[in-house]
Amino acid sequence: MKQYDHKKIEKKWPDSAKATTGKQVEYNHKKIEKKWQEKWQQDNLYQTSDFSSKPKCFVLDMFPYPSGEGLHVGHPKGYIATDVYSRMKTMQGFNVLHPMGFDAFGLPAENYALKNKIHPRVAVEKNIARYKKQLEMIGFNYDWDREINTTDPEYYKWTQWIFLQMFKKGLAYESFAPINWCPSCQTGLANEDLEDGRCERCSSEIEKRPMRQWVLKITDYADRLLQDLDLLDWPKHIKESQKNWIGRSEGALIKFPLIDSFKYEVEVFTTRPDTIFGATFLAVSPELAKTWFLMNWEASVEVKDYIDQTLKDRAKQTLKDNPEKTGINSGLLAKNPASGENIPVWITNYVLGDVGTGAIMAVPAHDDRDFEFATKYNLKVQEVVIPNRIDITNPPVAGKKSVVRSNVHAIVRNSITGKILCLNWLKHPWVTFPMGGVEEGEDIESAARREVLEETGYKNLKLIKILGGQVRAEYFAAHKDENRIAFTQAVMFDLENEDRDEVKTEESEAHEVIWLEREKIKYPYIAHSELNDWLSRWDDDKKVFIGEGVLVNSGQFNDLNSVEAQEKIVEFVGGKKTTTYKLKDWVFSRQRYWGEPIPIIHCVKCGVVPVPEKDLPVKLPEVEHYEPTGTGESPLANITDWVNTTCPVCGGEAKRETNTMPQWAGSSWYYLRYMDPKNKQTLVDPLKEKYWAPVDVYVGGTEHATRHLIYARFWHKFLYDIGVVSTLEPFARIGKSLGLILGEDGKKMSKRFGNVVNPDEVVALYGADTLRVYEMFMGPFDGEISWSTDSMIGSRRFLEKVWRLQSKIDINNQADNAEVLVLVHQTIKKVGEDIESFSFNTAISSLMILVNKLETLDKINLEIYQILLKILAPFAPHVTEEIWQNNNFGQESITLSSWPSFDGDKLSSDEITIIIQINGKLREKIVVGKDLPDGELLSKVKTLPKVQTALEGKVIEKEIVVKNRLVNFVIV
RNA sequence: GCCCGGGUGGCGGAAUUGGUAUACGCGCACGACUUAAAAUCGUGUCUCGCAAGGGAUGCGGGUUCGAUUCCCGCCCCGGGCACCA
């Protein structure tokens, strides 16, 4: 394959290229881009003013975490998108806020500093400077006066302030429960920081460690976080992730009293109260069982040992493991509040202490895990819900009497041919298995054998298996003129030999015996609506029915639909409808140096005391050593000057809290600070907040779907509750999530794979405008796409074409080319709509189509060329600015010009191409005037030679005309 | 296992209130310019067929005058959750 020689391309744009009057100047991005970037800066072109008569638009990027490696070409993709979007919005007359800042606290920065033996503060400053330089090269329209940095004490003062407000409301609390501990990062982590039971940063296996932690009560907001997703214009998959993460499940709390001298009621949480009659034992977590010791439960030694051992194993086991289910009979009996039966209480490792109530009612017939356990320990399995099928080909007929029957289906297989024995009914359009009613006192297998013998004469059958429990079905039995409600079981046999008795005449007159291939055995060809149930049980022995159905063996609730029965049963057993969540409170302290100090003081006398607001910020002390201690204490604990303080309440001896906040603290509210970045009195001025909030468009990667985006929503809702912000949600819209740019090899761009492409090189080679156009054109914004420096040439060629069109401008050209005019209006419309919907790739494609068209003309109307420049400007601000100003198209920057509008009447031309189809196949095209009446169109079309040949000697059954689009002749 | 999203040329991809499938770009081939090459410009580029015409949007059915688009059943890929009761 031929490779472009980039060095040679570069020679084409030497730095020395000079403008010559009257002559075409070469497009030299090196000269143009730097010049305009400096000029824009000088003119404060991108300074945003608070308040304006214009409508506001807040466009936000997820701010970067400045790593030591600098930017690769994947990073700017999202920034380019918001830049394009915000530039268009500015031209459309909005007062746009498009800020940038840096999120720099946390482990990556600290680890980088440790590795390179420089102080994190110094490292962060250096990295930020590098990032800013790289960003500036691409020509973004940020208002750098509003830059923020989460590690700036003037910023984190307010992060600490929010924490204090939460503390005051009881939403920040100390916990001593076991938490996730990363032995490599030497810190506790939140649930959100894990990936498959490993540390999301370093992939170490996580241990459970009991230790003192600050925790934020995000669970108080679980329901609102879930509900208010409906208010958001976000991509489906992000909402979906949040939904899954919050993990709401509705069910009921039901009490099972113990029948024992140990008086206690075991409360269980279940999502399936309808199955309670099938609850044949209770399964209790060892964590819960252990608490019973405190209530004077006299357990046997074996039981105590089991509990201790299981708890020990659990501490060691990684979160991902699904160990073999074990358990022990506690010796206790509980009363099933629905059936009244006494059922055993088992202590098991498959019930978790921190989910629900730590105990479940086990329904082995309708839950895979309970079934597995019951099978292992030989516990009773009681079926209480069965599938309910209505025969759609033979539905019950209204007004006919209904008969309830107990039925059997016999599935007989010829063990040599594999074919299945069926009956072809002679007076009805049915094919069925041998079948019939089960007689009083008859077992299911005998009934099946009897039916096979009576109906087909075969007598030597070997039982293979009974296909699970009953299935309820409703159908109309035409041969008996009655509706049936049949409770049916199926029995499978192998035919041992062909020995066969004579069958009665009435049977042989009703149906003939046929043998069918297994592939033929499908509903509705086989007229049993239960068939799919049989088929799914056919090869699969373990069959637990977890679906919706009809209740059986459930006393007064029999025959009820299982979903409808839920509420009634909860009421019957005195249970309580309730809701649980997977979301856990946010473990908020880290035992590391580089984070916001938690503004709390521990006083010997007064206990936990918040730092008074006037003393904020609690600054991170300057230290020599900031390595993690590994003891579960933060490195700050060793800085005695800093740690030792006086209690703000009693003035006595006190120590500062030494844990720091997690990386996600600063980013949970940063968008608010952009509205008012320098305010010393308050987090954000309420008037400014009211003006700018909410963020109109937010852009960033999917990896933040369940952390940053949940945390920020949580903090925002809290700030709403205490009156700091005025909107329910922080980010109204996430247009599309940002798809990664992979390396040319299809792998994630990383130093490790040696596939990193640096934007500096690419900008030097092709220019920032080409980079911007290319990244937007590569593919759909939310798609994951491999980088290709070779493919960039297309975007460069496009900009060069635009550049060359300058020579064709003709002020006297009257723009009377109707075709071009239509295209221009279509392009204005499409580019505007596509940028709005983040479909940048198709916006550029339509710009290319316009440019290709203009290139075919000898002269270009000035106005049309200006329109082209304007709608291209958001993508390629430098080159369009250069052309704009060089030709004196305006006194000011093209950025300050207004977005062109399109004329709805000019979106289609007066001449329309109509396609002509014969039987739906394209046969001919014709150009006619717009809105030509159907009759005229048809007669015109029929004169076309191709149409005439096609229609010759044929009868036209139908003529379909779709206005301004097509004619279709249906012929025989 | 449950829940989302997706499958279209050699490649990135376009087109869905059902109406010309493969826009735009890359690549490739040929041609023009050039001593030559690069760049640039032009032409061609789903597939079978000389043509007429046929076939193709993961697979199999269905609805329709007409299906990439809607319905049913599968297969595969990506993602979220997961002993969550």
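These values consider heavy atoms only, across backbone and side chains, with no hydrogens, waters or symmetry-generated copies. All chains are named by letter (A, B, ...) in the order of the sequence lines, taking the proteins before the strands, and each is independently numbered beginning at 1.
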> If you check the A:Phe777 side chain, which of B:rA15, B:rA85, B:rG25 turns out closest?
Replying inline: B:rG25
>> Categorize A:Ser791 for me: base, sugar-phosphate, or nothing, with a 4.0 angstrom heavy-atom threshold over every strand shown.
In response: sugar-phosphate
>> Rounding to an integer number of Å, can you tell me how far A:Glu372 CD sits from B:rC83 P?
In response: 14 Å
>> From CZ of A:Phe798 over to C1' of B:rU40, roughly how many Å is that when rounded to an integer?
In response: 18 Å
>> Nearest to the A:Arg804 side chain among B:rC65, B:rC41, B:rG13, which nucleotide is it?
In response: B:rC41
> Of A:Thr702 and A:Glu240, whose closest RNA chain B nucleotide lies nearer the 5' terminus?
Replying inline: A:Glu240
> When we call it a touch if two heavy atoms are under 4.0 Å apart, what does A:Ile915 touch: a base, just sugar-phosphate, or nothing?
Replying inline: base
>> Measuring only the C1' atom in each nucleotide, how far is B:rG80 from B:rA29? A whole number of Å is fine.
In response: 46 Å
> Counting side-chain heavy atoms from C-beta on, which of B:rG19, B:rC24, B:rG13 comes nearest to A:Arg965?
Replying inline: B:rG19
> Within less than 4.0 Å of OP1 or OP2 of B:rA85, is there a side-chain N or O belonging to A:Arg272?
Replying inline: no
>> Rounded to whole Å, how long is the line connecting atom CD1 of A:Ile793 with atom C1' of B:rA38?
In response: 11 Å
>> If you only use heavy atoms from C-beta on, which nucleotide in B:rA85, B:rC81, B:rU20 is closest to the side chain of A:Val351?
In response: B:rA85
> So what does A:Pro780 touch, heavy atoms closer than 4.0 Å: a base, only the sugar-phosphate, or nothing?
Replying inline: sugar-phosphate
> OP1 or OP2 of B:rG27 less than 4.0 angstrom from a side-chain nitrogen or oxygen of A:Arg797, does that happen here?
Replying inline: yes
> Hey, are A:Glu192 and A:Trp245 close enough side-chain-wise for a donor-acceptor pair under 3.5 Å?
Replying inline: yes
>> Heavy atoms from C-beta onward define the side chain here; which of B:rC65, B:rA85, B:rC83 lies closest to that of A:Phe269?
In response: B:rA85
> Got a sec: does the NZ of A:Lys243 have more than 12 other heavy atoms crowding it under 6.0 Å?
Replying inline: no
>> Distance check, P atoms only: B:rU69 and B:rG19, in whole angstrom units.
In response: 11 Å
>> My understanding is that a pair needs two contacts under 3.5 Å, Watson-Crick or G-U wobble. By that rule, which nucleotide pairs with B:rC81?
In response: B:rG1
> Just checking, is any N or O donor in the side chain of A:His237 or A:Ser737 under 3.5 Å from an acceptor N or O on the other one?
Replying inline: yes
> For A:Glu287 and B:rC83, what is the distance between atoms CD and P respectively, to the nearest whole Å?
Replying inline: 14 Å
> Using atom P of each nucleotide, how far apart are B:rU17 and B:rC70 to the nearest Å?
Replying inline: 10 Å
>> Nearest to the side chain of A:Thr270, heavy atoms from C-beta on, is which of B:rC65, B:rA85, B:rG13?
In response: B:rA85
>> As a quick check of understanding, evaluate side chain to side chain donor-acceptor pair (under 3.5 Å) for A:His528 and A:Arg389, giving each step before the final call.
In response: CA-CA 9 Å; A:His528 299 307; A:Arg389 310 291 170 203; over 6 Å; no
>> Does this structure show an ion pair linking A:Lys239 with A:Asp230, if we count only N-O contacts that are shorter than 4.0 Å?
In response: no
> Which nucleotide sits closest to the side chain of A:Ile960: B:rC4, B:rG19, B:rG53?
Replying inline: B:rG19
>> For a quick check, tell me whether the side chain of A:Lys325 and the base of B:rC83 share a donor-acceptor pair closer than 3.5 Å.
In response: yes
> Does any donor-acceptor pair link the side chain of A:Gln242 with the base of B:rG80 at a separation under 3.5 Å?
Replying inline: no
> So, is A:Asn852 close to the B:rG25 phosphate, meaning a side-chain N or O under 4.0 Å from OP1 or OP2?
Replying inline: yes
> Does A:Lys921 put a side-chain nitrogen or oxygen below 4.0 Å from OP1 or OP2 of B:rG55?
Replying inline: yes
> Which whole-number value in Å describes the distance from A:Leu531 CG to B:rG73 P?
Replying inline: 15 Å
> Given that A:Met778 and A:Ser795 both sit by RNA chain B, which one's nearest nucleotide is further toward the 5' end?
Replying inline: A:Met778
>> Roughly how many Å apart are B:rG27 and B:rG12, using the P atom of each and rounding to a whole number?
In response: 15 Å
> What interatomic distance, in whole Å, is found between P of B:rA15 and the corresponding atom of B:rA23?
Replying inline: 13 Å
>> Is a donor from one side chain sitting under 3.5 angstrom from an acceptor on the other, for A:Tyr766 and A:Thr789?
In response: no
>> Classify A:Val970 by what it touches in the nucleic acid, base, sugar-phosphate, or nothing, heavy-atom distance under 4.0 Å.
In response: sugar-phosphate
>> Counting only Watson-Crick pairs (N1-N3 plus N6-O4 or O6-N4) and G-U wobbles (N1-O2, O6-N3), all under 3.5 Å, who is the partner of B:rC28?
In response: B:rG44
>> Which nucleotide wins on minimum distance to the side chain of A:Asn968, given the candidates B:rA14, B:rA85, B:rC65?
In response: B:rC65
> When you compare B:rC33 with B:rG42, how far apart are their C1' atoms, in angstrom units rounded to a whole number?
Replying inline: 11 Å
>> Can you tell me which residue among A:Leu282, A:Thr357, A:Ile360 is in a side chain to side chain contact (heavy atoms under 4.5 Å, CB included) with A:Val266?
In response: A:Leu282
> A:Ile238 CD1 to B:rG79 P: how many Å, rounded?
Replying inline: 15 Å
>> Considering every strand and a 4.0 Å limit on heavy-atom distances, what is the contact class for A:Lys925: base, sugar-phosphate, or nothing?
In response: base
> Would you say the side-chain atoms of A:Asp834 and A:Thr842 include a donor-acceptor pair closer than 3.5 Å?
Replying inline: yes
> Do any side-chain nitrogens or oxygens of A:Thr580 fall under 4.0 Å of OP1 or OP2 in B:rA85?
Replying inline: no
> Is the backbone of A:Thr326 close enough, under 3.5 Å, to the side chain of A:Tyr306 for a donor and an acceptor to pair up by distance?
Replying inline: yes
> Counting side-chain heavy atoms from CB outward, which of B:rC4, B:rG19, B:rA85 is closest to A:Lys236?
Replying inline: B:rC4
> How far does the C1' atom of B:rG62 sit from the matching atom of B:rC46, given to the nearest Å?
Replying inline: 27 Å
>> Let's test this: given Watson-Crick or G-U wobble pairing with both distances under 3.5 Å, identify the partner of B:rG19.
In response: B:rC65
>> I want to check something: taking the side chain as every heavy atom from C-beta on, are A:Phe781 and A:Asn841 in contact at a cut-off of under 4.5 Å?
In response: no
> Syn or anti for B:rG58, with syn set at within 90° of 0?
Replying inline: anti
>> I want to verify a distance call: between B:rG80, B:rG19, B:rA85, whose nearest atom is closest to the A:Ser241 side chain?
In response: B:rG80
> Partner of B:rA39 by Watson-Crick or G-U wobble geometry, both contacts under 3.5 Å, or none?
Replying inline: none
> Rounded to the Å, how far apart are A:His366 NE2 and B:rG1 P?
Replying inline: 20 Å
> Contact class for A:Arg248 (heavy atom, under 4.0 Å): base, sugar-phosphate, or nothing?
Replying inline: nothing
>> Measure OH/A:Tyr766 against P/B:rC26 and give the value in whole Å, please.
In response: 11 Å
> When all nucleic acid strands are considered with a 4.0 Å heavy-atom cut-off, which category describes A:Asn841: base, sugar-phosphate, or nothing?
Replying inline: sugar-phosphate
>> Say we look at B:rC11 and B:rU16: how far apart would their C1' atoms be, to the nearest angstrom?
In response: 24 Å
>> Looking at A:Asn244 and B:rC81, is any side-chain donor or acceptor paired with a base atom of the opposite kind under 3.5 Å?
In response: no
